[in-house]
Amino acid sequence: MLTLKLLRDDPQFVIERLAVKNFDASAIVEKILEQDRVRRSCQTELDAALAAQKAKAKEIGALMQQGRKDEAEAAKKEVAQMKENSRKIESQMEESQKLQDELLVQLPNIPDDIVPAGRNADDNVIVRMGGEIPELPEGALPHWELASKYDIIDFDLGVKLTGAGFPVYKGKGAKLQRALIQYFLDFNTKAGYMEIEPPILVNEASGFGTGQLPDKEGQMYFVSLDKFYMVPTAEVPVTNIYRDTILSESDFPVKMTAYTPCFRREAGSYGKDVRGLNRLHQFDKVEIVQLSLPDASERALNEMVLHVERLVKSLGLPYRIVRLCGGDMSFTSAITYDFEVFSAAQQRWLEVSSVSNFKSYQANRLKLRYKDGEGKINLAHTLNGSSLALPRIVAALLENNQTPDGINIPKVLQEYTRFIRID
């Protein structure tokens, strides 16, 4: 959530920068500032009314001591009327505050200066590429056919048990999933991230804190009886660990990693681009989260990008890093780098990670703050990234490493899988 101070100080800057996200903020910004003016006017009026009320109350005491009961009773009636007027002012002020808050959460985060303008993925900027695209043997298969051939992922059984987008991993497919999760967690903890095992159901306050609510309510699975949401990513519970928290400067950086299954209702389109593991309702993902001091968050973002790049490189997959344009960024992000790996059998790039800096946007919603050396309370910065999302990594590993004799397992995973080939 953007700060009210930023909107007061430079509303035109906010409007112009949000236009990079193709978001017309002019009307909302004006309404927010109008409610702010009403609220502050009410606050001034209420302060004066309460001061007058206090003075009149003292006057009643003096009148009673002097035996002037009639005048004291008249003063009491006057105080009662003053209290009623104060309640009306306070009610109006609370209503303005409520309207202001409802409007504030409708504004997305401001994109960084280096975020390019654009409407969709076609306008994203390729930052760099790495790895070599393999030459597959004749008759190479896409991963969904490989999964069936080697009986490692059963998509039809998932439909029977639940529905489309809920695959069943079997045998070496299940072991590969578990191996990847453990490898990713080990890779992250060796880099200084503390492992967290969070709940996979969160309350509304947690969804609001990281910006999934109210923006992505329709994409989240909801348990109506208990009013819990199934997590779309470990970012939600892990970042919310520090909701309503005031840290010290010495606490930073805070670095956490977590594995969770993730649940998203967004899978619903059809065709080859979403076939197999390309888009699911339920999938496994390992996440990294950092909390940073404001002047260190850009450095933290670069560090996280390099960390994910090393992880993708270790798997031997061809990849590219893409800086998202304004129109392709999330509601809450200030800047995002996507990682894509090349799927050789499908001849297309698959997104496997997004690394984002939210700056103070999430922290303002979370009330995540820190006390600086002068004792002043400030908003922290939050960052997160996928390290990594499994489905498309698995798709690329199966397709890119297929041979006439089976599917080779990357060397770094062999000590985790305890096998070197799927055959």
Side-chain angles (χ1 to χ4, degrees), residues 1-11 13-14 17-18 29 32-33 35-44 46-47 50 90 93-94 96-112 192-194 196 198 202-213 235-256 288-301 303-304 331-335 356-384:
M1 186 167 65
L2 300 181
T3 64
L4 193 54
K5 184 179 186 304
L6 176 61
L7 291 167
R8 284 178 190 154
D9 291 348
D10 199 343
F13 167 78
V14 173
R17 290 308 300 159
L18 289 182
V29 168
I32 290 170
L33 294 177
Q35 292 304 321
D36 182 48
R37 286 189 286 269
V38 171
R39 184 189 59 78
R40 286 193 289 169
S41 174
C42 286
Q43 184 67 68
T44 300
L46 180 61
D47 291 344
L50 292 174
E90 190 170 14
M93 186 173 70
E94 289 173 353
S96 291
Q97 182 70 63
K98 180 183 175 184
L99 290 171
Q100 179 181 284
D101 291 344
E102 289 173 353
L103 291 164
L104 272 170
V105 298
Q106 295 177 33
L107 292 177
N109 200 359
I110 290 175
D112 265 10
Y193 290 87
M194 180 176 67
I196 302 290
V202 294
N203 55 31
E204 185 176 354
S206 293
F208 177 84
T210 44
Q212 277 69 31
L213 299 175
E235 167 202 347
V236 181
V238 172
T239 311
N240 271 277
I241 290 171
Y242 288 88
R243 189 173 78 236
D244 297 320
T245 300
I246 298 177
L247 299 171
S248 300
E249 282 187 326
S250 59
D251 294 324
F252 294 95
V254 177
K255 302 169 68 174
M256 299 171 285
I288 51 175
V289 171
Q290 280 207 43
L291 312 182
S292 170
L293 292 170
D295 61 1
S297 70
E298 183 177 348
R299 183 168 66 252
L301 177 66
E303 172 197 300
M304 292 171 73
F331 190 84
T332 53
S333 176
I335 182 168
S356 301
N357 188 352
F358 306 101
K359 298 202 168 178
S360 63
Y361 190 87
Q362 286 184 333
N364 194 27
R365 299 168 75 112
L366 292 158
K367 293 183 173 58
L368 165 54
R369 297 155 291 173
Y370 71 95
K371 185 180 292 187
D372 64 22
E374 299 177 354
K376 184 179 177 183
I377 302 297
N378 306 279
L379 290 171
H381 280 193
T382 65
L383 308 92
N384 85 275

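For R299, the CZ atom is loosely surrounded, since the number of other residues' heavy atoms within 6.0 Å does not exceed 12. Counted within 6.0 Å of CD on Q106, heavy atoms from surrounding residues, nucleotides or ligands total more than 12; the atom is thus considered enclosed. For Q97, the CD atom is densely surrounded, since the number of other residues' heavy atoms within 6.0 Å is greater than 12.
Taking both residues in full, the closest heavy atoms of A334 and K359 are given as CB-CG, 4.0 Å, listed atom of the first, atom of the second, then distance. The two residues Y361 and T332 make their nearest non-hydrogen contact at CE2-CG2, 3.7 Å. Residues M1 and V105 share a closest heavy-atom pair of SD-CG1, 3.8 Å. In plain terms, the two heavy atoms of G209 and R365 that are nearest each other are O-CB, 3.6 Å. A363 approaches A380 most closely through the heavy-atom pair CB-O, 3.1 Å.
Atoms CG and CD, on D47 and Q43 in that order, are 4.5 Å from each other to the nearest 0.5 Å. To the nearest 0.5 Å, atom CD1 of residue I241 and atom CG of residue L368 are 11.5 Å apart. Taking CD from Q290 and CZ from F358, the interatomic distance works out to 12.5 Å, rounded to the nearest 0.5 Å. Between the CG atom of L2 and the CG atom of L104 there is a distance of 7.5 Å, given to the nearest 0.5 Å. Taking CG from N378 and CG from L247, the interatomic distance works out to 12.0 Å, rounded to the nearest 0.5 Å.
Here the side chains of C42 and V38 are in contact, with some heavy-atom distance below 4.5 Å. Within the 4.5 Å cutoff, the side chain of L366 has no heavy atoms near those of the Y242 side chain. Side-chain atoms of L18 and L107, non-hydrogen and from C-beta on, do get closer than 4.5 Å to each other. For the pair L301 and E298, the minimum side-chain heavy-atom distance is 4.5 Å or more.
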Chi angles and distances behind the side chain to side chain contact (heavy atoms under 4.5 Å, CB included) call for S292, L383
CA-CA 8 Å; S292 170; L383 308 92; 3.9 Å; yes
I110 vs L6, test: side chain to side chain contact (heavy atoms under 4.5 Å, CB included). Steps then yes/no.
CA-CA 11 Å; I110 290 175; L6 176 61; 3.5 Å; yes
Kindly indicate, with the supporting measurements, whether the criterion side-chain hydrogen bond (donor to acceptor under 3.5 Å, both in side chains) is fulfilled by N357 and S297.
CA-CA 7 Å; N357 188 352; S297 70; 3.2 Å; yes
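Every residue meeting the ring pair (Phe, Tyr, Trp, His ring centres under 6.0 Å) condition with Y370, not counting sequence neighbours, appears here in chain and number order: F252. For the side chain to side chain donor-acceptor pair (under 3.5 Å) test, residues two or more places apart in sequence or in another chain that qualify with D9 are K5. Applying the side chain to side chain donor-acceptor pair (under 3.5 Å) rule to T239 yields no partners; only residues at least two apart in sequence or on another chain are considered. S360 meets the side chain to side chain contact (heavy atoms under 4.5 Å, CB included) test with L379, H381; sequence neighbours excluded. Partners of E303 under the salt bridge (Lys or Arg N to Asp or Glu O under 4.0 Å) rule, at least two apart in sequence or in another chain, are K255. For S206, the side chain to side chain contact (heavy atoms under 4.5 Å, CB included) partners are V202, N203, V236, N240, R243, not counting sequence neighbours. Evaluation of the side chain to side chain donor-acceptor pair (under 3.5 Å) rule for N109 yields no partner, not counting sequence neighbours. With sequence neighbours left out, T245 forms a side chain to side chain donor-acceptor pair (under 3.5 Å) with no residue at all. Every residue two or more places apart in sequence or in another chain that forms a side chain to side chain contact (heavy atoms under 4.5 Å, CB included) with L33 is listed here: L7, R8, P11, V29, R37. For Y193, the ring pair (Phe, Tyr, Trp, His ring centres under 6.0 Å) test picks out H307, with sequence neighbours left out. A search for side chain to side chain contact (heavy atoms under 4.5 Å, CB included) contacts involving S250 returns S248, not counting sequence neighbours.
Counting only N and O atoms by type, the side chains of Q212 and T210 include a donor and acceptor under 3.5 Å apart. T382 and Q362 are linked by a side-chain donor-acceptor pair at a separation below 3.5 angstrom, with hydrogens and angles left out of the test.
Here D36 pairs with R39 in a salt bridge; the nearest charged N to carboxylate O distance falls below 4.0 Å.
Among residues at least two apart or in separate chains, there is no salt bridge (charged side-chain N to carboxylate O under 4.0 Å, His left out) pair with a member in residues 367-376.
In this structure, N384 contributes its side chain and E235 its backbone to no donor-acceptor pair below 3.5 Å.
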